[in-house]
Undergrad: 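Submitted below is the structure of interest, expressed as C-alpha cells.
Residue indices begin at 1 and follow the sequence shown.
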Amino acid sequence: MKRKLIALCLLFLAAMTGRAQHEPGTFTLYPKLGVEWSKFNNDEIAIATGAEANWVDASYRTGFVGGAELHYQFSQFGGAAVGLFFDQMGSKNEAEADGGNLNLKQRLNYLTMPLLATFNLGYTNFQLKGGVNLSYLLNAKVKYEDSTIPIGATDSDPKADYYAHYEGTNTGVFHRFNVALALGASYEWRNIILDARYNFGLSNVYKQDNKPSTRSFWLTLGYGFKL
C-alpha cells in the first residue's frame with residue numbers, strides 16, 4: 001500500500017514539474033476560448049423612493065472571450081506574449097423598490113490586445129504574467145427595464161402600473177479606447193493551457209463621467225502550437 005501511495009505521489013510530482021516550458025528562442029501560438037466576468041467600478045444609479053434616493057451599485061455580468069496569443073520564450077524562466085481577443089465586457093445594476101424592479105444591463109464588445117511579460121515558476125508548469133490590455137470598443141448595447149416608479153397614481157387608482165423598457169445601442173456615450181492592467185497565472189500540461197486573469201481598468205469608461213472604470217476576470221482554455 002505504501003509503495004502504491006509513493007508511486008502515485010511521484011507521478012503527481014512528475015506531472016506538476018514536467019517540462020511544459022518552451023526552449024529559449026521559440027514561438028508558440030495559443031488559441032483560447034473562455035468566459036469573462038466584468039463590471040464598471042464605482043458605477044451607481046439612483047432609484048427614487050419617496051423623498052430619498054437609493055443608490056444601486058454595479059455588479060458583475062457574464063460574457064464571452066476568445067482569441068489567440070503569440071508567446072516568445074526569451075530564456076529558461078521568462079518570455080513575452082502579444083494577443084488579440086474579442087471580449088464582452090459590461091455591467092449590470094439590479095434592485096427592487098416600491099414593489100417593482102429595476103434592471104440596467106450594459107454590454108460592450110471590444111477588440112483587446114494584451115501585451116504581457118511571462119515568468120515561469122522554476123521548472124514547474126505554472127506561469128505568472130503581467131502587463132497591459134489595450135482595447136478598442138466595437139459597439140455597446142443597453143437594456144433598461146424599470147417598474148419601480150408608480151406614475152399616474154390617483155385616489156381611485158393608487159397602484160397605477162408603470163413600466164419603462166428600452167433596448168438599443170449606446171456606443172456614443174463610451175470612450176472608444178480602454179486601457180487596463182492585466183495580472184494572471186496559467187498552468188500548462190501537454191500543450192493544454194488553463195489561464196486565469198484579472199484586468200484592472202485604468203481609464204474612464206463613460207465620456208461624461210470620470211469615475212467608472214472596468215474590472216474583469218478572464219478564465220480561458222487553450223492549446224499551444226509550436227511555430
Side-chain angles (χ1 to χ4, degrees), residues 8-38 60-90 107-140 175-203 213-227:
L8 287 174
C9 291
L10 290 175
L11 285 173
F12 178 76
L13 184 62
M16 294 291 287
T17 60
R19 289 285 295 169
Q21 301 106 326
H22 304 280
E23 296 299 322
T26 60
F27 288 91
T28 306
L29 181 65
Y30 292 97
K32 296 179 179 181
L33 294 174
V35 181
E36 179 173 17
W37 296 272
S38 62
Y60 285 93
R61 68 171 303 178
T62 305
F64 167 81
V65 58
E69 281 182 338
L70 182 63
H71 178 265
Y72 178 74
Q73 192 72 23
F74 282 113
S75 68
Q76 194 172 19
F77 299 107
V82 60
L84 186 63
F85 288 84
F86 171 79
D87 70 301
Q88 295 180 317
M89 283 196 280
R107 171 76 73 203
L108 280 68
N109 296 317
Y110 281 98
L111 275 182
T112 295
M113 177 183 291
L115 301 173
L116 305 170
T118 62
F119 307 93
N120 298 334
L121 295 181
Y123 290 94
T124 71
N125 297 344
F126 288 99
Q127 190 176 77
L128 300 178
K129 53 195 66 180
V132 295
N133 285 349
L134 306 178
S135 298
Y136 177 78
L137 179 63
L138 299 174
N139 57 63
H175 289 293
R176 281 288 184 176
F177 293 96
N178 187 57
V179 180
L181 178 67
L183 300 172
S186 64
Y187 178 77
E188 185 175 355
W189 180 75
R190 294 186 179 180
N191 295 334
I192 298 173
I193 186 168
L194 180 65
D195 193 303
R197 201 170 299 177
Y198 177 67
N199 306 302
F200 183 93
L202 301 176
S203 55
S213 55
T214 57
R215 301 286 187 272
S216 69
F217 296 91
W218 287 11
L219 183 62
T220 60
L221 187 66
Y223 190 88
F225 296 92
K226 295 181 180 179
L227 302 181

Undergrad: Considering non-hydrogen atoms only, spot the tightest contact between Tyr30 and Ile193 and give its length.
TA: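 So the minimum-distance heavy-atom pair works out to CD2-CG2, 3.7 Å.
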Undergrad: Please list, chain by chain and in numerical order, all residues satisfying ring-ring contact (aromatic ring centres under 6.0 Å, His included) with Phe177, sequence neighbours excluded.
TA: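 For Phe177, the residues satisfying ring-ring contact (aromatic ring centres under 6.0 Å, His included) (neighbours in sequence not counted) are Tyr136.
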Undergrad: For Leu84, give me all partners under side-chain contact (heavy atoms from CB on, under 4.5 Å), at least two apart in sequence or on another chain.
TA: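 side-chain contact (heavy atoms from CB on, under 4.5 Å) list for Leu84, sorted by chain: empty.
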Undergrad: Could you note down all residue pairs passing salt bridge (charged side-chain N to carboxylate O under 4.0 Å, His left out) where residues 125-140 supplies at least one of them, sequence neighbours left out?
TA: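 For residues 125-140, and leaving out neighbouring residues, the salt bridge (charged side-chain N to carboxylate O under 4.0 Å, His left out) pairs sorted by first residue read Lys129-Asp195.
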Undergrad: Output yes when a side-chain donor or acceptor of Asn120 lies under 3.5 Å from a complementary backbone atom of Gln76, and no otherwise.
TA: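 Indeed, once roles are kept as given, a pair shorter than 3.5 Å links the two residues.
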Undergrad: With sequence neighbours excluded, tell me which residues meet side-chain contact (heavy atoms from CB on, under 4.5 Å) with Thr214.
TA: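 Partners of Thr214 under the side-chain contact (heavy atoms from CB on, under 4.5 Å) test: Phe40, Met89, Asn178, Val205.
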Undergrad: According to side chain to side chain donor-acceptor pair (under 3.5 Å), who are the partners of Ser135, at least two apart in sequence or on a separate chain?
TA: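 With sequence neighbours excluded, Ser135 shows a side chain to side chain donor-acceptor pair (under 3.5 Å) to Thr112, given in chain and number order.
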Undergrad: Name all residues meeting the ring-ring contact (aromatic ring centres under 6.0 Å, His included) criterion together with Phe225; count only those two or more places apart in sequence or in a different chain, and write none if there are none.
TA: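 So Phe225 forms a ring-ring contact (aromatic ring centres under 6.0 Å, His included) with Tyr223.
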Undergrad: Which salt bridge (charged side-chain N to carboxylate O under 4.0 Å, His left out) pairs, counting each pair once, include a residue from residues 115-125, with sequence neighbours left out?
TA: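 Sorted pair list comes back empty.
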Undergrad: Going from OG on Ser216 to OH on Tyr110, what distance comes out if it is rounded to the nearest 0.5 angstrom?
TA: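 That separation rounds to 10.0 Å.
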Undergrad: Just grab all the salt bridge (charged side-chain N to carboxylate O under 4.0 Å, His left out) pairs involving residues 70-83, residues at least two apart or on different chains.
TA: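 Listed by first then second residue: nothing to list.
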Undergrad: Not counting sequence neighbours, which residues clear ring-ring contact (aromatic ring centres under 6.0 Å, His included) with Tyr72? List them please.
TA: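 In terms of ring-ring contact (aromatic ring centres under 6.0 Å, His included), with neighbours along the sequence ignored, Tyr72 is linked to Phe27, Phe74.
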Undergrad: OG of Ser203 to CG of Leu134: how many Å apart, nearest 0.5 Å?
TA: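 Between Ser203 OG and Leu134 CG, I get 9.5 Å after rounding to 0.5 Å.
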Undergrad: Would you please say whether a donor-acceptor pair under 3.5 Å links the side chains of Thr118 and His71?
TA: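 Checked: Thr118/His71 side chains pair up, N/O donor to acceptor below 3.5 Å.
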Undergrad: Who are the ring-ring contact (aromatic ring centres under 6.0 Å, His included) partners of Phe85, not counting sequence neighbours?
TA: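 So Phe85 forms a ring-ring contact (aromatic ring centres under 6.0 Å, His included) with Trp218.
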Undergrad: Using the side-chain contact (heavy atoms from CB on, under 4.5 Å) criterion, which residues pair with Phe200? Sequence neighbours excluded.
TA: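 Phe200: side-chain contact (heavy atoms from CB on, under 4.5 Å) contacts with Leu181, Tyr198, Leu202, Arg215.
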Undergrad: Please identify each residue that fulfils side-chain contact (heavy atoms from CB on, under 4.5 Å) with Leu194, with sequence neighbours left out.
TA: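 By the side-chain contact (heavy atoms from CB on, under 4.5 Å) rule, Leu194 matches Leu219, Leu221.
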